[in-house]
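Structure first, commentary second.
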Amino acid sequence: MNKVYPVKIIANTSIAPNTWLLRCNRMWEFEAGQVVGISFHPDDEPRLYSIASGTQHHEVWILYTVKPGGLLTPQLSTRNKGDTIYMTDPFGNFVCREDKAVWIATGTGIAPFASMFFSGQHTKKKLIQGSRSKDGLYFHDFFYSELGRDYQPCCSRIGEEGCFRGRVTDYLANLEMIDAEIPYYLCGSAEMVVDVRDLLIARGVPFERIMAEIFF
Amino acid sequence: MKDLIGKEPLFGKTLSELEQMVLKLEMPKYTASQIADWLYKKEVSSINAMSNISKVHRDKLQENFVFGLSDPVKEQASVDGTKKYLYRSHVGKFIEAAYIPERNRNTLCVSSQVGCKMGCLFCMTGKQGFQGQLSAGEIVNQIRSLPERHQLTNIVYMGMGEPFDNLEGVMKSLEILTSDWGMGMSPRRITVSTIGIIPAMKVFLENSKAHLAVSLHSPFEEERRKLMPIENVYALPQVLKTIREFPLGKQRRTSFEYIVFKGLNHSARHVKELARILTGIRCRINLLYFHPIPDTPLEAPTDHIMQEFKEALEAKGLTTTIRKSRGQDIYAACGMLSTRELQKKNGQ
């Protein structure tokens, strides 16, 4: 379906326990929110990852966690600068074209929103980012300094400074009012997506205003 | 995959896997065919009952393996004759299978995953998230351990999970079900349903002869992506393009599953667009009643809506059937299978 290109790794860095940021040379234009397939050989079935870098970046960034026993990530984490991997054309429609929106992510589900953020699409957006602990709030410092009050980090672990204590669902459930007129974009595990979607619907947001991206 | 005492099940292994295994155990290669025969053709459930295999070799097998069948742990019966069976998976989680007897056929709806990652808005399974993949053995076990297995005529992979998110387990299970060395079922009696994971769908189309069913639910990308997040990754036009490009032959069928939601996806505009996008695809549309699930914003259609929509589609030349709701009272109907509560109760 998609063309596959050899790409050179520029850097492959552990940015948090079990989480890596892969930086490669960029071969194509893309829209923030799209995904690419990654493989070690052109004939392998690629695994899909959201692009985390902005559309103006010269590099393409991929945020990934190492899944023990996984087909790609355990090996990928051992690749170094200068190594070649294979990447497909970008594809997918998880793009945010609205002026105003709420972005909600957990874990590496932050990637499409990071791409939107680094592409300059963050004006009038509110970002709610969740993780167990602060080291799982990837790109936290960028969001914190740029978005100010429109950035809400949530950590379920006790004692994480500057964060709402609890899950993103707890944060949303505690809000006095939820704006039902604006679109909500969700990205994360199936559990998070389903729970947040149910909660938003229960709080009066029409399902038509909820867009979700899932990991699989 | 190993059981609780650390032994691997034989049930679920393909002939080539059995061949590799017997060679490793220093047994003659033909033993693999004998084992396959006992596993998939005969009504036994223990290694010891494999009477044409020498005692020494049976002992060797028992040292390393278990037979691997597991009976359903619970059965529920609907007033309409549908039965729902609960099976325990190897990781101690639960899955369900629905047996649907009809006048001319008896269908088993099997699960391919514990839970599901796809997060479709209308599906109860999606609400429990994803807890794990089923092995080929666990998929085939739903058939082999079914009390009504001798009356079974059709199998549909439409239970819990997205089959093409477990391609390895599903393809291996199809091999076991349809091979001469396996259960010898006709692939024409088997339908695998997907929401449209294109790369896996291609592998299936190229390597299996079973029928394909695609969950459609709306012909409009914008509308579909609000019901089914997968649309954001694999868009409907690409799914249809893939199907168009693959010659299915005369024996093989593509069907499109279309759950009707009251006031949402059954207008004249939908009829027109369905006729347009399905042009050139030899297919059937199966209309399904939406079965309301907790906290859903969607509504069930009336009989009148279903009939009117069917007639409108047929007037456009689309072969359309209305699928009766079965097993709704025991939560066995389409989109209602879930073991979330059970998982919670068991503290998992």
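In what follows, chains carry the letters A, B, and so on, assigned in the order in which the sequence lines appear, proteins first and then strands, with residues in each chain numbered from 1.
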Report task. Count the heavy atoms of every other residue, nucleotide or ligand shown that sit under 6.0 Å from OH of B:Tyr331, and state whether that count exceeds 12. Result -> no
Query raised in the report: With distance as the sole test, does B:Asn232 use its side chain to make a donor-acceptor pair with the main-chain N or O of A:Ala212 at under 3.5 Å?
Result: yes
Query - side chain to side chain donor-acceptor pair (under 3.5 Å) partners of residues 101-119 of chain A, not counting sequence neighbours, each pair once - result: A:Thr55-A:Ser119
Query - Heavy-atom proximity to chain A below 4.5 Å, by part of B:Leu264 - result: side chain
Requested in this report: Please look at B:Met228 and chain A and tell me whether the side chain, the backbone, both or neither of the residue comes under 4.5 angstrom of a heavy atom of that chain.
Outcome: neither
Requested in this report: Could you tell me which residues in residues 166-192 of chain A have at least one non-hydrogen atom under 4.5 Å from a non-hydrogen atom of chain B, sorted by residue number?
Outcome: A:Tyr185, A:Ala190, A:Glu191
Query raised in the report: Take atom NZ in B:Lys262; do more than 12 heavy atoms of anything else shown fall under 6.0 Å from it?
Result: no
Requested in this report: Can you see which heavy atom on B:Gly126 is nearest to which on A:Val194, and at what distance?
Outcome: O-CG2, 3.4 Å
Query raised in the report: Around B:Glu168, counting heavy atoms of other residues, nucleotides and ligands shown, do more than 12 lie under 6.0 Å from its CD?
Result: no
**Report entry** Atom of B:Arg225, atom of A:Val95 and distance for their closest heavy-atom approach
**Finding:** NH2-O, 4.2 Å
**Report entry** Min side-chain heavy-atom separation B:Leu121-A:Ile201 under 4.5 Å
**Finding:** yes
Requested in this report: Assess whether atom CZ of A:Arg203 is packed by more than 12 heavy atoms of other residues, nucleotides or ligands within 6.0 Å.
Outcome: yes
Query raised in the report: Checking B:Glu221 against chain A: side chain, backbone, both or neither under 4.5 Å from a heavy atom?
Result: side chain
Query raised in the report: Would the number of heavy atoms belonging to other residues, nucleotides or ligands and lying under 6.0 Å from CZ of A:Arg47 be above 12?
Result: no
Query - Rounded distance [0.5 Å steps], CZ in B:Phe122 versus CZ in A:Phe207 - result: 11.0 Å
Report summary line: Max heavy-atom pairs within cutoff under 4.5 Å with chain A, candidates B:Asp165, B:Leu227, B:Val203, B:Asp295, goes to B:Asp165
Query raised in the report: Would A:Asn93 and B:Tyr234 count as a side-chain contact (heavy atoms from CB on, under 4.5 Å) if you check the C-alpha gap in whole Å, the side-chain angles of each, and the deciding distance to 0.1 Å?
Result: CA-CA 8 Å; A:Asn93 299 313; B:Tyr234 296 117; over 6 Å; no
Query raised in the report: Considering only heavy atoms, which portion of A:Ile210 lies under 4.5 Å from any heavy atom of chain B: side chain, backbone, both, or neither?
Result: backbone
Query raised in the report: Is the count of non-hydrogen atoms from other residues, nucleotides or ligands lying under 6.0 Å from B:Glu206 atom CD greater than 12?
Result: yes
Report task. Starting at CD of A:Glu208, measure out to CD of B:Glu222 and round the result to the nearest 0.5 Å. Result -> 11.5 Å
**Report entry** Proximal component of A:Glu45, with respect to chain B [non-hydrogen, under 4.5 Å]
**Finding:** side chain
Query - Trace of the side-chain contact (heavy atoms from CB on, under 4.5 Å) decision for B:Phe130 with A:Phe215 - result: CA-CA 10 Å; B:Phe130 175 73; A:Phe215 295 160; over 6 Å; no
**Report entry** Nearest atoms (heavy-atom pairs only) where A:Arg197 meets B:Pro229
**Finding:** NH1-CG, 4.2 Å
Requested in this report: For B:Val233 and A:Glu213, work out which heavy atoms get closest and say how close.
Outcome: CG2-OE1, 3.6 Å
